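One structure is given here, and the rest of the page talks about it.
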Amino acid sequence: MKVYINGKFHDRADARISVFDHGLLYGDGVFEGLRIYHGRVFKLGEHIERLYRSAKAISLDIPMSIEEMQDAVIETVEVNGKEDGYIRLVVTRGEGRLGVDPSSCRRATVIIIVSDIQLYPEEYYEKGIAIITASSRRMPSDTLDPRIKSLNYLNNILAKIEAEQAGCLEAVMLNREGFVAECTGDNVFIVRDSELLTPDPCHGALDGITRRFVMELAASAGMRASEAAITRYDLYTADECFLTGTGAEIMPVIRIDGRTIGSGKPGRITRMLTERFRRVISEQHGLTV
Ligand code: PXG
């Protein structure tokens, strides 16, 4: 494995950054998680655009152009010879003095890791998963805009711990007002009367790239897909529920807080969208299904 750090490739064991990096000291930075399907990076442009917007929102200068970043990602994939896998792109404020003041950080640290993807076992896609509502709330959107994919994941981690303690793989997080925001590393969708609904970013959802893609797939299938204020009542009484994310793709949810969702099996629309999702990826990335 070769890890890209600030323009150079390092062996895994030598891939290190300073303990004075503000990414470590304060979670001061942004990141992206991307997927490689059959040697090609999925939605590379959209991920890089979100990375640069996240950086801009926190006043972090990325010391390379968007084109240079795209080339660096592609080069790192090639150097690692990965046909299918995961890319973690991290940009931190860089090395500085102890102290919150970021002005001592002269240059952002850019890290690109190419690795294997931790996939959910196929049986979960067939049977669906059970989730819980976490008591840890999503950060209010007026405190930290959820569209910023920052290195501050502590409340998501607390929610994930709650899920694990309850024997579940994921937890849905509410915002301060009690509206559904998203899961700890996935967006959430419900199907109601053949219509797709998902929380608005202003309720605490990341503007997920898989989320956008699934909304496009739904529209191309003639379905309505909209952003809405969603409560736990809406989750419990939904016809179908599923999660979306770079790692999970589309994951059916069949139980929430002990209540069975719909028929208790992955729903018709969830399965239809999964099929379309996989088909588009196969076509775009030259795979045979
Ligand atoms: N919400 C949150 C909080 C996320 O972190 C998503 C939604 C889904 O967004 P995308 O753009 O992926 O459809 C995410 C994505 C990881 C990892 O290694 C995390 C994500 C994606 C890939 C890997 O923890 N989070």
Side-chain angles (χ1 to χ4, degrees), residues 3 23 27 29-37 41-54 57 73 82 84-91 111-120 131 133-134 136-141 143-164 169-175 179-190 196 198-218 225 227 230 241-251 253 273-274 277-278 280-281:
V3 180
V30 293
F31 80 103
E32 282 295 323
L34 304 85
R35 193 80 182 255
I36 315 160
Y37 291 104
V41 184
F42 184 59
K43 304 270 183 201
L44 176 60
E46 288 186 43
H47 281 281
I48 302 266
E49 188 184 339
R50 186 170 67 184
L51 180 82
Y52 275 74
R53 287 195 174 157
S54 293
V73 170
K82 268 276 177 262
D84 288 282
Y86 175 68
I87 305 165
R88 168 64 61 91
L89 186 45
V90 186
V91 183
I111 303 165
I112 308 171
I113 305 167
V114 170
S115 177
D116 291 324
I117 177 112
Q118 302 272 312
L119 290 175
Y120 285 121
I131 64 172
T133 310
S136 302
R137 297 282 171 122
R138 187 74 167 94
M139 188 92 81
S141 57
T143 305
L144 186 63
D145 194 301
R147 287 171 296 187
I148 302 170
K149 198 161 163 59
S150 83
L151 296 180
N152 285 263
Y153 260 55
L154 202 46
N155 60 340
N156 299 49
I157 290 166
L158 294 177
K160 190 80 171 182
I161 291 170
E162 287 184 56
E164 277 164 18
L169 294 172
E170 255 295 9
V172 64
M173 301 177 78
L174 308 177
N175 67 14
F179 289 107
V180 172
E182 61 179 347
C183 286
T184 69
D186 299 301
N187 288 112
V188 59
F189 280 85
I190 57 170
L196 231 52
T198 191
D200 195 292
C202 74
H203 287 125
L206 178 77
D207 182 8
I209 287 161
T210 321
R211 172 185 181 276
R212 276 187 225 157
F213 181 45
V214 165
M215 289 176 91
E216 286 164 18
L217 289 176
E227 297 177 334
I230 296 174
C241 177
F242 61 84
L243 312 181
T244 64
T246 293
E249 300 178 334
I250 299 175
M251 175 56 73
V253 174
L273 290 169
T274 304
F277 186 101
R278 292 185 173 173
V280 172
I281 286 177

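The structure displayed is predicted, hence computed values, not measured ones. Each ligand, and each atom within it, is numbered from 1 in the order the structure gives. When reading the values below, keep in mind they use all heavy atoms of this one structure, side chains included, and skip hydrogens, waters and symmetry mates.
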Is any side-chain heavy atom of [Y] closer than 4.5 Å to one of [X]?
| X | Y | answer |
| --- | --- | --- |
| Lys43 | Arg212 | no |
| Ile281 | Phe42 | yes |
| Pro199 | Val188 | yes |
| Leu51 | Val30 | yes |

Exercise for review: Might you confirm whether atom CZ of Arg88 has over 12 heavy atoms from other residues, nucleotides or ligands at distances under 6.0 Å?
Suggested key: yes
Point to revise | Parallel, tilted or perpendicular: rings of His203 and Phe179 (30°, 60°) | key: tilted
Check your understanding: Nearest 0.5 Å, what's the NZ-OG distance between Lys160 and Ser136?
Key -> 13.0 Å
Check your understanding: CZ of Arg137 to CG of Asn155: how many Å apart, nearest 0.5 Å?
Key -> 11.5 Å
What is the nearest protein non-hydrogen atom to [atom], stated with its residue, atom name and distance?
| atom | value |
| --- | --- |
| atom 21 (C) of ligand 1 | Thr246 CB, 4.0 Å |
| atom 2 (C) of ligand 1 | Glu182 OE1, 3.5 Å |
| atom 14 (C) of ligand 1 | Gly185 O, 3.3 Å |
| atom 13 (O) of ligand 1 | Thr210 OG1, 2.5 Å |

Point to revise | Stepwise salt bridge (charged side-chain N to carboxylate O under 4.0 Å, His left out) check, Lys149 with Glu32 | key: CA-CA 7 Å; Lys149 198 161 163 59; Glu32 282 295 323; 5.9 Å; no
Judging by distance only, is a nitrogen or oxygen of [X] under 3.5 angstrom from one on ligand 1?
| X | result |
| --- | --- |
| Leu206 | no |
| Tyr86 | yes |
| Arg138 | no |

Practice item. Could you check which of Arg50, Arg88, Lys43, Glu249 puts a non-hydrogen atom nearest to atom 24 (O) of ligand 1? Key: Arg88
Quick check on contacts: which atoms of ligand 1 are under 4.0 angstrom from a heavy atom of [X]?
| X | value |
| --- | --- |
| Asn156 | 3 (C) |
| Thr184 | 3 (C) |
| Tyr153 | 2 (C), 3 (C), 4 (C), 5 (O) |
| Ile209 | 10 (P), 11 (O), 13 (O) |

Close approach of [X] to ligand 1, heavy atoms, under 4.0 angstrom:
| X | value |
| --- | --- |
| Phe213 | no |
| Lys149 | yes |
| Leu34 | no |

Check your understanding: Under 3.5 Å, is there a donor-acceptor pair between the Glu249 and Thr274 side chains?
Key -> no
